[in-house]
Asker: 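Input: one structure, supplied below.
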2 protein chains.
Amino acid sequence: MKRKLTLKSIAKELGVSISTVSKALRDSPEISEETREKIKAYAKLYNYKPNNIALSLKNRKTNTIGVIIPQIVHHFFTTVIYGIEQEARENNYNVIICLSNNAFDKEVLNMELLANGSTDGFILSVSKETMMKEDYHHLNEVIDQGMPVVMFDRVVEGIQCDRVLIDDKAGAKKGVSHMIRSGCRKIGIITSEDYVSVGRLRTEGYLDALDDFGIKADDNLILKLDNIDDLSDKSKKRIEDFITNNDLDGVFTVNELFAVHASRVINALGKKIPDDISLVCFTDGQLSEHAVPSLTAVSQHGEEMGRKAASILINKLESAEDEEEEYSTTYIDTSLVERESTKEVTRR
Amino acid sequence: MKRKLTLKSIAKELGVSISTVSKALRDSPEISEETREKIKAYAKLYNYKPNNIALSLKNRKTNTIGVIIPQIVHHFFTTVIYGIEQEARENNYNVIICLSNNAFDKEVLNMELLANGSTDGFILSVSKETMMKEDYHHLNEVIDQGMPVVMFDRVVEGIQCDRVLIDDKAGAKKGVSHMIRSGCRKIGIITSEDYVSVGRLRTEGYLDALDDFGIKADDNLILKLDNIDDLSDKSKKRIEDFITNNDLDGVFTVNELFAVHASRVINALGKKIPDDISLVCFTDGQLSEHAVPSLTAVSQHGEEMGRKAASILINKLESAEDEEEEYSTTYIDTSLVERESTKEVTRR
DNA sequence: TAAGAGAACTTAATCGATTTAGTCGCGTAA
DNA sequence: TTACGCGACTAAATCGATTAAGTTCTCTTA
């Protein structure tokens with residue numbers, strides 16, 4: 001086992017001072033050509049790399065971004081992380097990932113931990129519990145210490161930070177409009193209770209689309225389930241009843257899971273997708289792509305979201321500290337991925 | 001914006017020396033009760049937390065685990081990370097995640113970067129390119145510097161490190177045996193070329209199962225595709241032909257994607273799952289769970305794998321440096337999750 | 001020839017913490 | 001009265017790097 005090289009060990013070996021070594025390696029003109037070459041050759045030979053921790057301490061800069069997300073076993077978050085990582089790497093930043101598991105306490109703990117020198121800034125999507133509690137002291141503390149924060153997806157108001165959001169409303173509208181254009185007239189939506197912001201926004205988009213085409217909304221065609229991340233037996237039953245009891249020709253769901261179950265129910269009723277009923281869901285993940293029939297989906301572009309969040313954060317980190325504080329809100333566009341679960345729109 | 005407290009600022013404020021503050025906060029008996037209380041009260045009031053970077057530098061220990069994986073938009077890796085994070089958090093470790101994107105250069109770069117002080121050890125699954133190149137100098141260098149390494153899933157031989165593996169062979173055997181017990185006699189396997197180790201091992205498990213039940217293997221019933229992570233049009237076609245041209249009553253696939261496509265093909269042929277053909281796949285992810293019909297799958301327990309890898313690494317990190325070096329290989333057991341794609345086994 | 005310039009280094013401070021090795025004053029014992 | 005011990009601190013070294021502020025020594029120039 002060989003010890004890592006340090007400036008000190010190189011200096012000792014070559015019989016010069018530490019600062020000479022440091023300056024030589026950084027091409028300072030203060031050091032003679034000869035000495036510089038000698039030191040550089042030695043450093044190269046033994047593969048010297050400065051210690052990141054020491055640099056961080058000295059520079060008061062870690063070049064590390066802290067990412068805090070509610071869960072990682074989740075396709076969307078995973079794509080966002082992928083985007084963050086790409087952007088970070090290109091700008092020489094590391095990414096530390098912490099999971100809050102949707103728990104307030106863990107979110108606070110993780111933030112405090114990382115805030116004590118481990119990271120220069122944060123990218124986070126707040127946990128469900130935090131949203132319910134509406135306690136954001138940990139965010140404010142971190143921001144107060146001068147660390148920039150970028151929130152994505154699940155954002156809250158009243159925090160001095162940048163935001164990157166999916167345009168949920170426009171996305172849902174896009175999906176529902178597509179169904180209408182393809183001939184659907186009686187479209188139901190399977191969404192969440194309004195207190196889940198994405199559910200509310202997507203429902204609004206749905207209503208908007210109907211309105212645009214002069215279709216009257218009907219409360220009976222709106223099914224609000226209470227958990228958007230999971231599919232309980234009770235929810236399954238409600239989806240079954242919803243589809244069985246309404247004579248729909250289209251169903252829009254706010255996530256893949258609801259759609260997959262809807263597809264199953266429609267299938268069981270002996271109806272054909274998309275001939276009898278069209279199906280479109282929000283979120284373009286594995287399920288939409290590989291389901292049978294594959295599902296037309298509103299794609300969220302998580303990767304782009306991650307890249308954008310990282311780029312905003314890095315920008316803040318690299319810009320002058322005393323610059324005027326302005327906080328932006330960026331909407332990431334969605335796009336519609338057409339697959340087997342919808343009919344083609346015949347264009348004029 | 002308020003600056004973070006440091007020992008120095010506290011010392012100045014209270015008119016004592018830095019070391020007095022440090023000692024007081026660490027309950028040293030050298031400091032008088034009175035002074036200690038005063039300092040602790042002040043620190044608590046202003047929420048003093050020591051700077052991690054300074055501690056890392058001083059202790060030559062970062063309490064951070066570096067995780068390097070080929071890709072993150074992948075359910076299995078995601079579950080492993082989840083396990084790693086759980087175990088790490090419980091032991092007060094942070095997790096830095098880097099993606100190699102299956103590229104050798106990125107893997108090397110990331111490792112070198114993290115090795116310069118950012119982490120105490122590594123958990124990694126080597127990239128495809130690294131396996132092909134068989135160039136492991138970056139691993140050896142890191143190990144040579146005394147950093148423990150734990151490899152998981154995609155491991156290579158000849159490296160001084162611990163290994164955590166899925167018992168691919170036993171898992172496949174479990175799945176195939178189940179099909180046989182449920183009545184299947186002509187079972188095909190859709191696997192990868194042998195140079196992909198998981199493909200090879202799972203094929204071996206398949207053969208083992210047949211052998212156990214005295215069923216003769218038939219090379220025509222083994223389809224080897226060249227990419228396990230993706231499903232090219234060419235591969236789709238080959239799966240179609242494979243299923244159409246062989247009169248199978250069971251299909252085992254080494255991943256979900258192959259199974260989903262197989263299911264589609266079987267469906268298109270007008271055959272019923274599981275009545276006409278049973279279907280079992282390796283990897284229990286979203287697709288198996290939500291496909292229609294849902295798929296019986298060999299579950300890999302990624303979370304357990306992550307936990308185990310982290311626990312081994314942390315153990316190495318916490319144990320005396322000069323302890324005898326012994327490297328373990330741990331197999332994580334698989335389990336069979338029975339779903340709609342197989343018939344029930346009538347037990348005696 | 002002595003001062004000044006400049007080349008080529010070294011010293012030392014700094015980042016924020018820990019810890020070993022002093023220091024200082026006071027009380028007690030020989 | 002001196003010396004020793006002890007309580008309660010402080011000073012300084014250390015981790016590994018950077019960098020402002022010295023220090024030498026040589027060479028130039030008035």
Side-chain angles (χ1 to χ4, degrees), chain A residues 2-40 43 46-64 113-120 145-146 321, chain B residues 2-40 43 46-64 113-120 145-146 321:
Chain A
K2 64 178 182 214
R3 228 347 184 308
K4 269 242 138 182
L5 280 195
T6 64
L7 290 187
K8 201 178 180 180
S9 66
I10 297 178
K12 198 170 160 196
E13 197 60 38
L14 298 183
V16 292
S17 77
I18 295 176
S19 55
T20 303
V21 178
S22 173
K23 285 174 180 166
L25 293 176
R26 320 191 94 236
D27 276 322
S28 160
E30 274 183 78
I31 308 300
S32 71
E33 183 81 25
E34 192 194 3
T35 313
R36 221 192 305 161
E37 288 311 319
K38 187 178 67 183
I39 292 174
K40 287 180 121 178
Y46 292 103
N47 194 28
Y48 168 78
K49 293 270 166 58
N51 180 305
N52 293 329
I53 295 291
L55 284 177
S56 296
L57 182 59
K58 177 69 183 156
N59 302 335
R60 297 142 140 278
K61 175 122 178 44
T62 61
N63 267 62
T64 300
L113 202 75
L114 295 190
N116 290 320
S118 301
T119 64
D120 297 335
Q145 280 163 31
E321 299 226 346
Chain B
K2 64 178 178 213
R3 229 348 185 307
K4 270 240 135 181
L5 280 196
T6 64
L7 289 188
K8 200 178 182 181
S9 66
I10 297 178
K12 196 170 161 197
E13 197 61 38
L14 298 184
V16 291
S17 77
I18 295 176
S19 51
T20 303
V21 178
S22 173
K23 286 174 181 167
L25 293 176
R26 321 193 92 238
D27 276 322
S28 159
E30 274 183 79
I31 307 302
S32 70
E33 182 81 24
E34 191 194 2
T35 314
R36 221 189 308 160
E37 288 310 322
K38 187 178 68 182
I39 292 174
K40 286 179 122 180
Y46 292 103
N47 194 29
Y48 168 79
K49 294 270 166 58
N51 180 303
N52 292 329
I53 295 290
L55 284 177
S56 295
L57 183 58
K58 178 71 182 152
N59 301 334
R60 296 141 138 281
K61 177 125 176 41
T62 61
N63 267 61
T64 299
L113 202 78
L114 295 190
N116 291 320
S118 302
T119 64
D120 296 336
Q145 279 162 31
E321 300 228 344

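Chain A is the first sequence line, chain B the second, and so forth, proteins listed ahead of strands; every chain is numbered from 1.
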Asker: Check every strand shown and say whether B/Thr35 touches a base, only sugar-phosphate, or nothing at a heavy-atom separation below 4.0 Å.
Answerer: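 The residue B/Thr35 makes sugar-phosphate contact but no base contact.
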Asker: Measure the distance from CG on A/Leu57 to P on D/dT18 and round it to the nearest whole Å.
Answerer: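 Whole-Å distance recorded here is 12 Å.
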Asker: Go through the steps for B/Asn47 and B/Leu5 under the test side-chain contact (heavy atoms from CB on, under 4.5 Å), then give the verdict.
Answerer: CA-CA 8 Å; B/Asn47 194 29; B/Leu5 280 196; over 6 Å; no
Asker: Among residues 3-16 of chain A, which ones have heavy-atom contacts with DNA chain C below 4.0 Å?
Answerer: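 Listed by number, they are A/Val16.
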Asker: Quick one: bend of the helix from C/dT1-D/dA30 to C/dA30-D/dT1 from 5 pairs per end, to 10°?
Answerer: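 Computed angle between terminal axes is 100°.
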Asker: Return the 5'-most residue of the pair A/Arg26, B/Ile18 with respect to DNA chain D, ranking by each residue's nearest nucleotide.
Answerer: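 Whichever sits nearer the 5' end wins; that is B/Ile18.
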Asker: In chain order, what residues pass the side-chain hydrogen bond (donor to acceptor under 3.5 Å, both in side chains) check against A/Ser32, with sequence neighbours excluded?
Answerer: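 With neighbours one apart ignored, the set is A/Thr35.
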Asker: Compare all side-chain heavy atoms of A/Val21 with those of A/Val16 and state whether any distance is below 4.5 angstrom.
Answerer: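 The answer is yes, as the side chains (C-beta and beyond) meet within the 4.5 Å cut-off.
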Asker: Taking only residues two or more places apart in sequence or in another chain, which ones pass side-chain contact (heavy atoms from CB on, under 4.5 Å) with B/Thr6?
Answerer: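 Partners of B/Thr6 under the side-chain contact (heavy atoms from CB on, under 4.5 Å) test: B/Lys8, B/Ser9.
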Asker: Excluding sequence neighbours, so at least two apart, what forms side-chain hydrogen bond (donor to acceptor under 3.5 Å, both in side chains) with A/Glu30?
Answerer: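 Per chain and number, A/Glu30 pairs via side-chain hydrogen bond (donor to acceptor under 3.5 Å, both in side chains) with A/Lys23.
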Asker: For D/dC9, does either OP1 or OP2 sit under 4.0 Å from a side-chain N or O belonging to B/Ser32?
Answerer: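 So the side-chain polar atoms of B/Ser32 do come within 4.0 Å of the phosphate oxygens OP1 or OP2 of D/dC9, strictly under.
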Asker: Do B/Leu7 and B/Leu25 make a side-chain contact, defined as non-hydrogen atoms from C-beta onward lying under 4.5 Å apart?
Answerer: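 When only atoms from C-beta onward are counted, B/Leu25 and B/Leu7 do touch, with a gap below 4.5 Å.
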Asker: Around atom NZ of A/Lys12, are there more than 12 heavy atoms of other residues, nucleotides or ligands at under 6.0 Å?
Answerer: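 Check fails, neighbour count at 12 or below.
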Asker: Find every protein N or O atom lying less than 3.5 Å from an N or O atom of nucleotides 24-28 of chain D, and list the pairs.
Answerer:
none

Asker: Using whole Å, what does the distance between atom C1' of nucleotide D/dT18 and atom CG of A/Asn52 come to?
Answerer: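 Distance, rounded to whole Å: 15 Å.
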Asker: Taking side-chain contact (heavy atoms from CB on, under 4.5 Å) as the definition, give me every residue that meets it alongside A/Ser19, ordered by chain and number, with sequence neighbours left out.
Answerer: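 A/Ser19 satisfies side-chain contact (heavy atoms from CB on, under 4.5 Å) with A/Ser17 once adjacent residues are dropped.
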Asker: Enumerate the salt bridge (charged side-chain N to carboxylate O under 4.0 Å, His left out) contacts for residues 53-62 of chain A, please, sequence neighbours excluded, ordered by first and then second residue.
Answerer: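 Applying salt bridge (charged side-chain N to carboxylate O under 4.0 Å, His left out) to every pair that reaches into residues 53-62 of chain A, excluding sequence neighbours, yields A/Lys61-A/Asp120.
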Asker: Apply side-chain hydrogen bond (donor to acceptor under 3.5 Å, both in side chains) to A/Thr119 and list each qualifying residue two or more places apart in sequence or on a separate chain.
Answerer: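 side-chain hydrogen bond (donor to acceptor under 3.5 Å, both in side chains) list for A/Thr119, sorted by chain: empty.
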Asker: Distance-only, no hydrogens or angles: does the B/Asn52 side chain make a donor-acceptor pair with backbone N or O of A/Leu113 under 3.5 Å?
Answerer: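 Between the backbone of A/Leu113 and the side chain of B/Asn52 there is a qualifying donor-acceptor contact (under 3.5 Å).
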Asker: Heavy atoms of chain B, cut-off under 4.0 Å: which first and last nucleotide of DNA chain C, 5' to 3', fall inside that, if you could look?
Answerer: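 Here the contact window of chain B covers C/dC15 to C/dA21.
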Asker: Assuming nearest nucleotide by heavy-atom distance, tell me which of B/Asn51 and B/Glu30 is located more 5' along DNA chain C.
Answerer: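 The residue whose closest nucleotide sits nearer the 5' end is B/Asn51.
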Asker: Name all residues meeting the side-chain contact (heavy atoms from CB on, under 4.5 Å) criterion together with B/Lys38; count only those two or more places apart in sequence or in a different chain, and write none if there are none.
Answerer: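 Per chain and number, B/Lys38 pairs via side-chain contact (heavy atoms from CB on, under 4.5 Å) with no residue.
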Asker: Using the side-chain contact (heavy atoms from CB on, under 4.5 Å) criterion, which residues pair with B/Leu57? Sequence neighbours excluded.
Answerer: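 A/Ile53, A/Ala54, A/Leu57.
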Asker: Between B/Thr20 and B/Asn59, just flag the one whose closest nucleotide in DNA chain D comes earlier from the 5' side.
Answerer: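 By nearest-heavy-atom nucleotide position, the 5'-most residue is B/Thr20.
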